[in-house]
Structure formats: C-alpha cells, structure tokens
> 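Below is one structure. I have some questions about it.
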Protein chains: 2
Amino acid sequence: MTEEEFLRGYNIGDYERPSVTVDVAAFGVSGEKCESYRKDGNKSISLLLVRRGCHPFKGCWALPGGFLRPGETVEESAFREIKEETGFVPRSLMPIGVFSSSGRDPRGWILSNAFVSIVGEEGVRASGGDDADEARWFRCSLDDEGGGFFGLSLSSGDISLRARLERTAVLFGRSQFRIADGGGLAFDHALIIATAFSILRGVAENFDVLFDFLPEKFTLSSLQKVQESILGVSLQPANFRRKVERFVDETDEFQGGAGHRPAKLFVRKARR
Amino acid sequence: MTEEEFLRGYNIGDYERPSVTVDVAAFGVSGEKCESYRKDGNKSISLLLVRRGCHPFKGCWALPGGFLRPGETVEESAFREIKEETGFVPRSLMPIGVFSSSGRDPRGWILSNAFVSIVGEEGVRASGGDDADEARWFRCSLDDEGGGFFGLSLSSGDISLRARLERTAVLFGRSQFRIADGGGLAFDHALIIATAFSILRGVAENFDVLFDFLPEKFTLSSLQKVQESILGVSLQPANFRRKVERFVDETDEFQGGAGHRPAKLFVRKARR
DNA sequence: CAAATAGTGTCTCTAAGACAATATCAC
DNA sequence: GTGATATTGTCTTAGAGACACTATTTG
C-alpha cells in the first residue's frame, strides 16, 4: 500500500480525540495609583480574570481562554482569545505547559494549553466580550504556608478569592502542584495560575524573558520595577543598572513629565 | 438553566477537535567506546530515533511517540510511548512545547506535545515494538550556518540525515525555527529536534534540570560530562567541583573498577 | 611503574551588593 | 526651593576560570 492509498483510507474520526483549549494568565505590573502625583505606585503584581458568562462554572472567575479552532496554532488561538475576552493584544505569550489530567473539565476530555503574559494594566477594557461578561484585575500573591502547601490569594475591591495548592514535586526547576482547594475559581485554574506565577518567578531574572514582555523602548526603572514586582524584592538602582547595561542600548529619547528628572529610554541590545 | 442541565445537553462531539500526539526527544550522553580500556569515551550527544513501520512516512526515521489515549495525561502518554517503542523508561521527561501548525501531519489536524529526556545509551533495546520496527542512536549536532540558518546533523553508522532550519525569532530565550529542509525525517520532527536541542542547551547550566535526568547517585565526573556534552564545551574539574558543591551531598559509596582512582558517589542536596 | 581519572590549593579577575553622592525635572 | 526619581562612583566580597599539584586505582 502506498502512502496515498493509506491516507485515502484513513479516517481521523475513527479514533477518540480530546478537545483542546488555551488559557492565558496575563500579569499586570503597573501597580495602584499613589496619593502623591509624582510618587510611583508600590510594586505589586495583578492578574487579569474574567467572570464566566455561561456554563460550566457560570459566574465563577476564570482565566481568559477558549477552544482551539481548526487552522489555528495554539499561540494564535491564545492571542485571539485574550483579545476577544479582554480587548487587549499582548506583546507576546510565553507557553507554560499543557494541563491534561482527567476530570479537569466537567464537559469531558479537554486539555488546556496555558500561556503567561506581562502587560501594563492600561489598555484592558473593564468589560469583556462575547462569552465573558466582565474582566477585572486581581491583586495576586502566592505564599508559602509551609508543609508543602501554598496559598494563592486574589483580590479585587470587594471580591477576595483564596485557593490552596500542595506542591507535589519540583521537576526541571518547576514546581508541580495539586489543588487542595480551588478557592472558587473555574476548572483547574487555581493550578494553572499557581504554576504560571511560580514559572514567572523562576525566569524573571532572565532579561531575555523580561524584554519579550516589555515595549520596544523602556526606561531602566520600568524594567527594574517589572523584575521587582515578579520577584517580590527591592533592588538597588545602581547595581541594577550595572547588571543590565550589557543587554541594552541607550536611545536619544527621554521620558519626562513625571515631576522629576526625565529617564532615558533604552532598547534591547541586538542579539550577538 | 442549571449547570447540570447544561452538561446533560452538552455534546462535545458537536465541535471540531484535533487529534493529540506526544513525541519524545531522548538524548544520550554516554559517548562511543574508546580504544583504551581505561580511557573515557569522548564527550558527545546522541538522539534516539525509530524507523516508522507504517504509514505515513513509512520507513522514515522519527521521534518515538504516538497518540494520546483517553484518561492519560500527556506526561503519562509520553512515558508509555517511549517504553512501547524503545523498551526504555526514562527517569523523567521535560515538556518543551506544543507543535500545532496546520499541515504538520498529512493525516489531518494533529497536534504534538514534545518532551526531552537525557538517558544513558545502555538499556535501550536495538529493535522497537509494535508500530516502530527499529530503534537506533544517532550522533547529533546543531550547527550555526550563519544568516539565521542552522544545520541539524544525525548520523548512525551508514545512515546520515541532515536537515536545515531557519531561526525566525528568539522568544523568551528560546529559538523559534522554521523547517527549510526536513532532511528526510518524518512529520516536522526536524523542527522538534532542533527546538529540543536548543532548549536543552539553554537550560544545561541549571543543575536543577540536570539532576532530574541523572540517577539518584552519581559521580561528579558524570555530572560534568553531561553538562559538557550538552553545552559542547570542556570544563576544568576543579572549577566544576567548586561550582556544584553547593548543590550536592557526598555519600560513603564509591564507584571503582575503572582502572583509576575510584570516584565518590554524590546525591542531590535536599531542597532548602 | 605507567596511564588514566579523582580530587585539592591558589591566584586572578569579573561582577554583584552596599551605600553615598550628584543631576534634573514639575510644581 | 522641595520632593521625587535618574544616574554615577566607590568600596567590598562572592564566585568563576586558569593552572599547577597530589591521590588512588588497575594492569
């Protein structure tokens, strides 16, 4: 039998297939506005969630996402979904894994390809599109409770969600979690969020990763703030600048109007 | 409508779904045997391929892999497939991404979840199982040809394959490739292999990753050899030992019988 | 003893961290 | 001028790389 003959007789529908979705954990680093017009907001990190407008988990908060469509790559699908549900087009999306345990979706055999993005909180419209009726930023933290357990806290105004995860292993430098308490989030999204956050922390010291989330031109302070928000630390500007100078080129442009000395804009140094 | 009512009326078959496969790039670091009985083999890295026993790409060399089955996670599926096709059970499998571009499989809409493993070349049986009729180690290298092109060379005895990839981007520290010439490999496996190899190079300096590929007890030389094989460099034993000592604990056991001073066995230091 | 790998000691140099000081803007 | 961030300089110290040396095994 030739390959052509084989393909003529091959029917892909003869085999059981899963459905495939994408979910996007979009983290924002802009921080809350401050009392003083010229003081920067505190370093903080937040996560974009949408309230589900239809079953299952109707009314629950969830990551923006949806089903992969024929002819799309998973990356294209992730960009489409976050745009549809939040109106925002992220600069880039980092894949963080496939979630495929059975029972993760009550509708049946459904895998999720998860992505992470870092975005400014501006540009995301308050209310979502078709299958999500609201999009909101939640202040986000993942705290080590000891004994292998971690608490995932998400809060936005009067809404407060808290999930608990158990760390089952650390493989290839990545924590593997199991949901102890989903905290009211849809599907296994507590697991995806915890995984996303811990991966982001693990790679945030890598400038190659951070640059892909930033605009083309940026100030060194903004870069520093992104790193500080993700890692939850405070860095000395002098040391930070010295560490990063190998990776950036300065431009002639400045960013002013902030009530203090204007900051020079930098671009990522061309790859060696 | 309640969620129960929704789920009763929901038919997952109403929507188009892809088929989902797993593919495993298993790299071996043992190197060829040497002329002298007591000299170590040269540092080299090889890749396990199987010759496809059925259509499509019948007779072509391919990564071990196959279709995801209901009730399996993609990780479980990857372990099952490599065991079925090569008889080998790797210590662990690192996920490296989902390949989902349309046209990557002539049978239709089929995604592949790819994994990497590092194994000793012992323990892999020469001939494969059901849907693969032969498994072989190929010497493997990925060379920068300049102009954004890379050559992927695979050779095993009289068989020699050479594929060409074009680097289209570097995102999150990972090279993105496009196949310029598949080199006779099945499907888009040239792309998967190049991606796997370049990711492995990127993370090989991270001991957390290397330990997950090694046996529980190992000599520092073997750890050094793994790193040298992947990175394609030669390291000073003194410096290597100093660098790694924070991450390992020594045991009372030794590995001897090699015609020279026996080496102490080490274990990975317990996580802080 | 010879050959090979296992393992140690020491020097240099780079780069990260601490911390102090100066520069420049909007108001 | 005031208050804020932007930017630079210097001292100290941890760690990576180079390299010479010693230790221990099998044949």
Side-chain angles (χ1 to χ4, degrees), chain A residues 29-43 204-207 217-229 231 233-267 269, chain B residues 29-43 204-207 210 217-229 231-267 269:
Chain A
V29 290
S30 75
E32 72 275 43
K33 286 291 154 279
C34 203
E35 59 290 346
S36 161
Y37 79 100
R38 43 185 171 174
K39 192 169 178 179
D40 280 1
N42 284 330
K43 290 131 196 165
E205 294 189 69
N206 184 343
F207 290 114
K217 292 173 184 173
F218 50 84
T219 66
L220 295 190
S221 315
S222 68
L223 177 60
Q224 183 180 342
K225 193 172 156 194
V226 169
Q227 201 175 63
E228 289 175 328
S229 302
L231 297 177
V233 297
S234 199
L235 305 169
Q236 305 277 344
N239 301 335
F240 182 84
R241 299 176 88 83
R242 205 155 10 87
K243 188 159 57 169
V244 85
E245 72 183 350
R246 283 178 295 163
F247 302 103
V248 298
D249 285 321
E250 59 180 30
T251 68
D252 294 333
E253 296 172 59
F254 287 83
Q255 189 174 75
H260 49 75
R261 177 172 172 176
K264 186 168 273 191
L265 288 169
F266 289 77
V267 294
K269 185 165 281 186
Chain B
V29 290
S30 74
E32 72 273 44
K33 285 290 155 277
C34 203
E35 58 290 345
S36 160
Y37 80 100
R38 45 184 168 175
K39 192 170 178 178
D40 280 2
N42 282 331
K43 291 129 192 165
E205 295 189 67
N206 184 342
F207 291 113
L210 293 186
K217 292 174 184 173
F218 50 85
T219 64
L220 295 191
S221 314
S222 70
L223 176 61
Q224 183 180 343
K225 193 171 154 193
V226 169
Q227 200 174 65
E228 289 176 326
S229 302
L231 297 177
V233 297
S234 199
L235 306 169
Q236 305 277 344
N239 301 335
F240 183 84
R241 300 177 87 84
R242 206 156 10 88
K243 189 161 55 169
V244 85
E245 72 182 348
R246 283 179 295 163
F247 302 103
V248 297
D249 285 321
E250 59 180 28
T251 67
D252 294 333
E253 296 173 58
F254 287 83
Q255 188 175 72
H260 49 74
R261 178 171 171 176
K264 185 169 272 191
L265 288 168
F266 289 77
V267 295
K269 186 166 279 185

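Note on naming: letters A, B, ... go to the chains in the order of the sequence lines (proteins, then strands), and numbering restarts at 1 for each one. All values below were derived from every heavy atom in this structure, side-chain atoms included, with hydrogens, water molecules and symmetry-related copies excluded. Since the model is a prediction, treat every value here as computed from it, not as a measurement.
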> Which distance, rounded to the nearest 0.5 Å, do you find between the CZ of B:R241 and the OG of B:S221?
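Output value for this atom pair is 6.5 Å.
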> Begin with the C-alpha distance, continue with both residues' side-chain angles, and end with the deciding distance and a verdict on side-chain contact (heavy atoms from CB on, under 4.5 Å) for A:V248 and A:V267.
CA-CA 6 Å; A:V248 298; A:V267 294; over 6 Å; no
> So, OP1 or OP2 of C:dT5: does either fall under 4.0 Å of a side-chain N or O from B:S221?
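No, B:S221 has no side-chain N/O under 4.0 Å of OP1/OP2 on C:dT5.
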> How long is the gap from NZ on A:K217 to NZ on A:K264, to the nearest 0.5 Å?
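Between A:K217 NZ and A:K264 NZ, I get 13.0 Å after rounding to 0.5 Å.
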> Does a side-chain N or O of B:R246 approach OP1 or OP2 of D:dA16 to a distance below 4.0 Å, or not?
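The answer is yes; a side-chain N or O of B:R246 sits under 4.0 Å from OP1 or OP2.
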> Ignoring hydrogens and angles, does a donor from either the side chain of A:N239 or the base of C:dA15 sit under 3.5 Å from an acceptor on the other?
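Between C:dA15 and A:N239, which were checked side chain against base, a qualifying N/O pair under 3.5 Å is absent.
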> Need one value for A:A238: base, sugar-phosphate or nothing, where a base atom within 4.0 Å counts as base even if backbone is also close, heavy atoms only.
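Here A:A238 touches the bases of the nucleic acid.
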> If I take atom CG in residue B:L223 and atom P in nucleotide C:dT5, what distance separates them, rounded to the nearest angstrom?
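Taking atom P of C:dT5 as the reference, CG of B:L223 is at 17 Å.
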> When the distance from CD of B:E245 to C1' of C:dG9 is rounded to whole Å, what number comes out?
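Roughly 13 Å, once rounded to whole Å.
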> Test side-chain contact (heavy atoms from CB on, under 4.5 Å) on A:E228 and A:F240; report intermediate values, then the result.
CA-CA 11 Å; A:E228 289 175 328; A:F240 182 84; over 6 Å; no
> Base, sugar-phosphate, or nothing for A:P237, non-hydrogen atoms under 4.0 angstrom?
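Base contact - A:P237 has a heavy atom under 4.0 Å of at least one base atom.
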> So, does A:R261 get its side chain near the phosphate of C:dA23, meaning an N or O under 4.0 Å from OP1 or OP2?
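So the side-chain polar atoms of A:R261 never come under 4.0 Å of the phosphate oxygens OP1 or OP2 of C:dA23.
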> How close or far is atom P of C:dA16 from atom CZ of A:R241, stated in whole angstroms?
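Going from CZ in A:R241 over to P in C:dA16 covers 15 Å.
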> A:P262 has a side chain; which of C:dT24, D:dA18, C:dG7 sits nearest to it?
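Between C:dT24, D:dA18, C:dG7, the one nearest the side chain of A:P262 would be C:dT24.
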> Between C:dG17, D:dA16, D:dA6, which nucleotide gets closest to the side-chain atoms of B:K243?
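The closest nucleotide is D:dA16.
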> Among the nucleotides D:dT10, D:dG3, C:dA6, which one has an atom lying closest to any side-chain atom of A:R242?
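Side chain of A:R242 sits closest to D:dT10.
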> Rounded to whole Å, please give me the gap between CZ in B:F254 and C1' in D:dT26.
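After rounding, the reported distance stands at 17 Å.
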> Rounded to whole angstrom units, what separation is found between the CG atom of B:L235 and the P atom of D:dA16?
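Taking CG of B:L235 and P of D:dA16, I get 12 Å after rounding.
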> Please report the distance, rounded to the nearest Å, between CG in A:L220 and C1' in D:dT7.
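Result: 10 Å.
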> Classify the ring geometry between A:F207 and A:F247 as parallel (under 30°), tilted (30 to 60°) or perpendicular (over 60°).
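Tilted, since the angle between the ring planes falls between 30° and 60°.
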> Among C:dG7, D:dA6, C:dC25, which nucleotide has an atom closest to any side-chain atom of B:A263?
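Side chain of B:A263 sits closest to C:dG7.
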> Give the rounded distance in Å between these two atoms: CZ of A:F240 and P of D:dA6.
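Spelled out: CZ on A:F240 to P on D:dA6 is 12 Å.
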> In whole angstroms, how far is the C1' atom of C:dA3 from the NE2 atom of B:H260?
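To the nearest whole Å, that distance equals 10 Å.
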